Structure formats: structure tokens, C-alpha cells
Amino acid sequence: MNFTQINQRFLALQQQYPKLASWSIKLDRARRRAGACYVQRKMISISAHHIELNSEATIIDTLLHEVAHALAYEHDRITGHGPLWRKWVKRLGGQPEVTGRFKVPDAPWMLVHLEGEELRPIAPRHRRNRSIKHFMMRGRPDTRGQLFYVDQVEFKRWHHGELSLTDVTLIQ
Ligand SMILES: [Zn+2]
């Protein structure tokens, strides 16, 4: 399902619910959440990653989830996932569950400790911290300056012996 199709569904909802007339919809690049509803700006935002990774039914459910926020706010100035929001979700034909409804992308980076010729994985990261040069592992001041980000794909290839260390891009 692409954004044009989502926008068409949104336009149909605007016709059905006139209080949505002044609302708009856009795409964003969020990785951990599927959509967002900004009541002050009267804007619904859907994650492009969410659209790439999920089925049409799940994407429509995300749209209905956010539209229910918009309607609960327009009618009763209500935010959050309480009974009035649930009432709107059900009326729109959506699922009133809040979590576990959709897939999120893998974190694009692996934070690693470069120790000699070894890359020791510390944790996946969704974004890079620009101060990484100054970071160290907890209680290990000797590791300051030895922490890097590696693209997850490169890290996996290095881990499987398909890339040598000199072919891995270490980012600080
Ligand atoms: Zn919500």
C-alpha cells in the first residue's frame, strides 16, 4: 500500500466526518512507531517504514488509530487511549489495541567496541550519537575512543567472515 492510497482513505474519512476537514496527513521517517496524531497542528503522520514493512490491513488500522485520536480531540478535546478514543476506533472499524500491532524495522546500526582485530557488539542502535568519540563502556575508561557504529549489514557480513575488518566502515 502506498501513500497515495492512504491519502485516498483519509480523504474518504474527511468526507464522512466533517470535523476532519481542516486536518492533513503526511509521511515521516519514524522507526519505533507507526503513526502520530498532532492535535495542535491538526496533522496525522504515518511512518514510511511502517508502510514498507506492513500489510494493507495493518496500515489501514494505523490510519484509523490516528483518525480516532483526531475525532476524540475534535469532539471532546480528549487525548490518549481512553474510552472515548476506543469508542471512535470501534466506530471506524479499527482495533482498539495500542501495542504489538505492527512490525518495526531492525535498528540500522550496531554499536561495537573495537578491541585489537575484534569487533565486539555492544547493542543495536536506531541512531548514531555524534559524541560517540567521547564515550566509553561503563567502568572501562580504557575503551574511550574505541566505540564505533557499524552498519548492521556490514556487521553481519563481518561476523560471518564475509568481510575483513579493513573492509568494514567504522563510524565515529
Ligand atoms: Zn495512539
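If you're wondering where the values come from, they're calculated on a predicted model, not measured in any experiment. Remember, it's 1-based here, ligands and their atoms both numbered in the order they're listed.
Arg125 forms no cation-pi arrangement with Trp109, by the criterion of a distance under 6.0 Å to the ring centre and an angle within 45° of the ring axis.
In this pair, Phe102 and His50 present their aromatic rings perpendicular. The plane angle is above 60°, beyond the 30 to 60° band.
Taking 2.8 Å as the limit, the number of protein N, O or S atoms around the Zn ion (ligand 1) is 3.
Shown here are the side chain to side chain contact (heavy atoms under 4.5 Å, CB included) partners of Ser24, two or more places apart in sequence or in another chain: Met43.
One finds no salt bridge joining Arg157 and Asp151 here, because no Lys/Arg side-chain nitrogen approaches an Asp/Glu carboxylate oxygen to under 4.0 Å. Note on Glu162 versus Lys156: no salt bridge recorded, every NZ/NE/NH1/NH2 to OD/OE distance being 4.0 Å or above.
Between the side chains of His134 and Arg144, no donor-acceptor pair of N or O atoms lies under 3.5 Å.
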